[in-house]
Amino acid sequence: MALLTPEDLENLLDKLEYNEKVIKKVTGFEIKQICEETYGTFPDSEVVGIVPVTSGNGIIDNFTASLAAIVNHFGLKGFVTEHTDISGYNEAVSRRADIIMMADDHIFIAHNLKNGKISTNHECTGIIYSEIAARYLHADSTDILVIGLGRVGYAGASHLAKKGFNVYACDPNIEFLEKAVKELGVKPYERNSGKKFSMIMEATPCKDTISEGMVSDRCLVSTPGIPCGLPENIGKKYKVDMVMEPLVIGVASMLYSVFDETAKFND
Ligand code: NAI
Ligand code: 2YC
Ligand code: MG
């Protein structure tokens with residue numbers, strides 16, 4: 001089970017600042033703009049109640065504090081409840097939270113109590129990282145490679161297929177690959193096919209999943225995967241741009257996915 005560690009959460013906003021600069025350079029957009037356009041929504045001073053959950057492996061040091069810092073970074077008012085679990089949920093509602101955020105070991109949700117919208121971190125992470133890859137300014141075609149078709153990767157492949165990209169994918173889990181071929185129309189990517197990509201979305205819990213034969217001269221690797229799927233030597237040898245960040249971008253995507261629609265998107 002791929003759980004965050006307190007080390008992953010160190011220097012979170014420094015990592016975000018670096019990745020925001022990369023995203024602006026490689027797509028021309030700010031992360032907020034990409035989120036707003038992807039979901040057609042906008043923030044409206046929502047109050048976010050963050051509830052620590054003790055089930056399973058229990059509290060992850062700094063996880064809820066990191067969420068509060070992320071919520072505040074995006075201009076909203078966030079608070080971590082004093083109580084955990086059900087008591088914490090009750091406290092968040094009594095403190096007039098508009099949006100509840102909480103995670104056990106399996107699912108991390110954002111739930112907007114006002115409009116009923118609910119989203120999961122896995123799906124929102126897949127959507128936003130594939131959207132970033134898809135906006136690469138130096139893309140040489142609409143071919144895009146998704147490595148890993150699990151909870152995050154499948155959501156990303158689905159988002160890209162809906163946008164009309166030519167999605168190739170690979171995953172050692174044959175069932176996941178066959179499901180993506182059948183339901184999304186993705187093309188299985190053969191590692192020794194010699195086909196190279198300028199856009200790669202990597203969503204696996206394994207390191208060095210990206211090999212030299214996959215990478216075009218100019219390439220954007222957009223990866224939430226922990227640890228990093230791009231070997232350092234390949235990143236150096238080719239002009240590979242990389243967006244990789246352990247939590248914040250996915251959480252921003254969760255927030256925008258539950259905001260109200262922008263008026264201009266309503267007509
Ligand atoms: P998952 O376990 O549901 O799916 C991972 C998939 O990768 C599996 O289907 C597996 O067969 C496949 N895989 C493993 N090795 C591979 C390889 N060499 N080539 C191709 N596919 C391979 O995991 P999930 O939930 O989709 O998360 C993926 C990664 O993203 C994990 O490392 C997780 O910690 C991370 N994550 C990061 C977030 C962020 O904001 N940065 C948020 C959520 C998850
Ligand atoms: O501190 C707490 O409230 C814990 N219950 C939080 C557990 C989060 C477990 N999930 C993860 O570590 C990963 C993250 C990348 C986001 C999704 N799953
Ligand atoms: Mg992230």
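This chain uses plain numbering: 1 for the first residue, then up along the sequence. The analysis underlying the following values was restricted to heavy atoms, covering all of them including side chains, and did not include hydrogens, waters or symmetry mates. Not measured: the values here are computed from a predicted model. Numbering of ligands and ligand atoms starts at 1, following listing order.
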Report the residues that fulfil salt bridge (charged side-chain N to carboxylate O under 4.0 Å, His left out) with Glu202, sequence neighbours left out, ordered by chain and then residue number. none
Lys77 to Phe79 six-membered ring, cation-pi geometry met (6.0 Å, 45°): no
Restricting to N, O or S atoms, which atom of Glu245 is closest to the Mg ion (ligand 3)? OE1
Give a yes or no on whether a salt bridge exists between Arg95 and Glu91, defined as a side-chain N under 4.0 angstrom from a carboxylate O. yes
I'd like to know if Glu131 and Arg135 make a salt bridge, using a cut-off of under 4.0 Å between side-chain N and carboxylate O. yes
Pair Glu17 + Lys21, salt bridge at N-O below 4.0 Å: yes
Applying side chain to side chain contact (heavy atoms under 4.5 Å, CB included), name anything that partners Lys187, two or more places apart in sequence or on another chain. Asn166, Tyr168
Lining ligand 1 at under 4.0 Å, by non-hydrogen atom distance, are residues Ala2, Asn121, His122, Thr125, Ile147, Gly148, Gly150, Arg151, Val152, Cys170, Asp171, Pro172, Asn173, Phe176, Arg191, Ala203, Thr204, Pro205, Cys206, Thr209, Pro224, Gly225, Ile226, Glu245, Pro246, Leu247
Does the pair Glu183 and Tyr154 meet the rule for a side chain to side chain donor-acceptor pair (under 3.5 Å), with working shown? CA-CA 10 Å; Glu183 294 184 3; Tyr154 191 89; 2.9 Å; yes
Looking at Glu36 and Lys32, is any side-chain nitrogen of the basic one under 4.0 Å from a carboxylate oxygen of the acidic one? no
Do Phe165 and Leu145 sit in one hydrophobic cluster, given that two such residues count as connected whenever their side-chain heavy atoms are within less than 4.5 Å of each other, even indirectly? no
Please list, by chain and number, the protein residues whose heavy atoms come under 4.0 Å of ligand 2. Ala2, Leu3, Leu4, Pro52, Val53, Gly58, Ile59, Ile60, Phe63, Ala103, Asp104, Phe108, Asn121
Between Lys25 and Asp241, does at least one N-O distance fall below 4.0 Å, as a salt bridge requires? yes
